[in-house]
Amino acid sequence: MLTQAPRGTKDVLPGGSYKWQYLESKMRKAAAEAGFREVRTPVFEHTELFLRGVGDTTDIVTKEMYTFKDKGDRSITLKPEGTAGAVRAFLESNLYAEPLPCKMYYLAAPVFRYEAPQNGRLREHHQFGMECFGAKEATADAELILLAYHLLKDLGVKNLSVNINSIGCPACRGKYNEALKSFLHEHEGELCEDCRARMDRNPLRALDCKKEKCQMVVKNAPSLLDWLDDDCKAHFEELQACLKAEGIPFQVNPKIVRGLDYYTRTVFELITNTKDGPLTVCGGGRYDHLVEQLGGPEIPAVGFGMGIERVLMLLDMEGIEIPEPTLYDVFVTYMGAHRMDAFRLVQDLRQKGLKADMDHCARSLKAQFKYANKTGARVTATLGDDEVSQGVVKLRNMENREEVTVPVGEAADAVRRLEGLE
RNA sequence: GUGGGUAUAGUUCAGUGGGAGAGCGUCAGAUUGUGGCUCUGAAUGGCGUGGGUUCGAGUCCCACUACCCACCCCA
């Protein structure tokens, strides 16, 4: 118990963190190319932020939040998603007073949802997310979808399908909701219990209910796309035109609804088909009224979140290898009496920019070589009686066994030559 | 929250009511200062927790807990 990570959490261990760093470097690069700069916001926020932002009827808020009282009797919640915190930071520092759009991204930000963990679903997971404030045109939506798409493609994710939908603005969605409600009421008897229960509160959810009988009903339900007003329709068409112009495959999927209340117009998900079924790896959309709803000016915005663990899982399933950096350029081996000489040589090599280490466990020379081999060190540098008395060090390329003896002071350059770095 | 499965060494797992094991990994050796291959040896176990049945339980029964999987929802 004591040594077991809490349910639904996972350690990233020293032997695996390079995979995260690899993804992060790709994400930073993609973001920078599009003018997004990093934002870092707290892991927890006032509960109120999510009640008002995410929506107090959503599953996330009603049953999945990590909420607690702090010692000052404030209700605090661990972030269940990334957007609300970004909006809060944007407002608190009046970033809307600067030239817009304001583009930001967050990297491997932890988010928490209290759910039953299973494959690809954790209670704490990490998201890469991008948010763009102050851009109302569909090119901004398209830009984000393309960024996410190209990023995943570059990483090697296969079977990626881009699903887009428009859920309109509050005005046209309100009208549609009424139409959908009356349709659902007509077919009430054919719906599952869940859908009946939530049909007045959140009728949209019935559209993506997985139950077969609900799917039968919903198939003939009115489509939101038919209820979009002229502006929303034009916006959605422009988005599609952008995606077509860039030649990326996508499909309009009216069932994409998203579990967060703040979305308007564009919603999208990037879904991969795995052997275990479809898996959403990235989801997002436009939220033109969230900033205002949280007490700010009317500023349209659009963004997405991407699950880091899910990306890693997909790469793993595809058998895509992420290059693992070498641990050591050079490993210093030594005879027992010369530990201090080895120590000083290691420090010197590090000063000269090489990844260097030595044995700290009083191992035999043979064992030191074994260890060096296991860590993947490219070169060993040996200090024995002969070397120390002559002020030299014997280098050995661990791949081709080539050996060379050089003065200690020239070790770093010689290591580089031996590794073929120069 | 509902249903199913699993729980034995660091790890993957065998173990048919009666001596707690194997592969991999770790460590050490195979003569005097050199790794990968091979060989030899060693260390590491409250058999998830608590009850029960039995002369005897890792093994059968019950409860609890944890983990995995599915549903729901999502990233």
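Each chain gets a letter, A, B and so on, in the order its sequence line appears, and its residues count up from 1.
- Put simply, the residue from Glu143(A), Glu33(A), Glu131(A) that forms a salt bridge (charged side-chain N to carboxylate O under 4.0 Å, His left out) with Lys103(A) is Glu143(A).
- Closest contact between the side chain of Ala116(A) and the listed nucleotides G33(B), G35(B), G1(B) involves G1(B).
- Heavy atoms of Leu122(A) sit under 4.0 angstrom from at least one base atom.
- Across the P atoms, G50(B) and C74(B) are found 42 Å apart, a figure rounded to whole Å.
- Distances were taken from every side-chain heavy atom of Arg310(A) (C-beta onward) to each of A75(B), G35(B), U34(B); the shortest belongs to A75(B).
- Tyr287(A) and Tyr262(A) have their aromatic ring centers within a separation under 6.0 angstrom.
- Counting non-hydrogen atoms under 4.0 angstrom, Glu124(A) reaches nothing in the nucleic acid.
- Nucleotide U26(B) has A42(B) as its partner under the Watson-Crick or G-U criteria, with both atom distances under 3.5 Å.
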Inset, instruction - Go through the steps for Thr272(A) and Asn159(A) under the test side chain to side chain donor-acceptor pair (under 3.5 Å), then give the verdict. - result: CA-CA 5 Å; Thr272(A) 52; Asn159(A) 300 315; over 6 Å; no
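- Ranked by how close their nearest RNA chain B nucleotide is to the 5' end, Gln127(A) and Gly8(A) are led by Gly8(A).
- On the P atoms, A9(B) is 8 Å away from G48(B), given to the nearest whole Å.
- Among the heavy atoms of the strands, none lies under 4.0 Å from Thr333(A).
- At a threshold of 4.0 angstrom between heavy atoms, the contacts of Met306(A) with the nucleic acid are absent.
- Of the P atoms belonging to C62(B) and C72(B), the separation is 30 Å, rounded to the nearest Å.
- Across U54(B) and C60(B), the matching C1' atoms stand 10 Å from one another, rounded to whole Å.
- Using a 4.0 Å heavy-atom criterion, one finds that Arg396(A) contacts the bases of the nucleic acid, with or without backbone contacts as well.
- Taking the six-membered ring for Trp and thresholds of 30 and 60 degrees, Trp227(A) and Tyr176(A) have ring planes more than 60 degrees apart, a perpendicular arrangement.
- Nucleic acid contact class of Glu309(A) (heavy atoms, under 4.0 Å, all strands): none.
- Base pairing analysis places U49(B) opposite A63(B); the two distances defining the Watson-Crick or G-U wobble pair are each below 3.5 Å.
- With both ends at atom P, the span from U49(B) to U38(B) equals 37 Å, rounded to whole Å.
- Both distances falling under 3.5 Å, in either a Watson-Crick or a G-U wobble arrangement, place U2(B) opposite A70(B).
- A side-chain donor-acceptor contact under 3.5 Å links Tyr105(A) and Arg28(A).
- A close approach under 4.0 Å does occur between a side-chain nitrogen or oxygen of Lys366(A) and OP1 or OP2 of G35(B).
- Contact check, Arg7(A) against C67(B): a side-chain N or O comes under 4.0 Å of OP1 or OP2.
- Judged by distance alone, the side chains of Tyr334(A) and Glu387(A) never bring a donor and an acceptor atom under 3.5 Å apart.
- Dashed line: the shortest gap from a side-chain N or O of Lys374(A) to OP1 or OP2 of C27(B) is under 4.0 Å.
- A close approach under 4.0 Å does occur between a side-chain nitrogen or oxygen of Asn119(A) and OP1 or OP2 of C69(B).
- Residue Arg113(A) has its side chain nearest to C74(B) when only C74(B), G33(B), G36(B) are considered.
- Between the base of G1(B) and the side chain of Glu64(A) there is no donor-acceptor pair shorter than 3.5 Å.
- Comparing Cys282(A) and Leu365(A) by the nucleotide of RNA chain B that holds the closest heavy atom to each, the one mapping nearer the 5' end is Leu365(A).
- Considering only side-chain N and O atoms, Arg363(A) lies under 4.0 angstrom from the phosphate OP1 or OP2 of C27(B).
- Atom C1' of C61(B) sits at a distance of 23 Å from the matching atom of C67(B), rounded to the whole Å.
- Checked against Asp141(A) for a salt bridge (charged side-chain N to carboxylate O under 4.0 Å, His left out), the options Arg265(A), Lys136(A), Arg286(A) give a single hit: Arg286(A).
- Contact check, Gln118(A) against C68(B): no side-chain N or O comes under 4.0 Å of OP1 or OP2.
- Among the heavy atoms of the strands lying under 4.0 Å from Ala367(A) are primed sugar atoms or P, OP1, OP2 only; no base atom is included.
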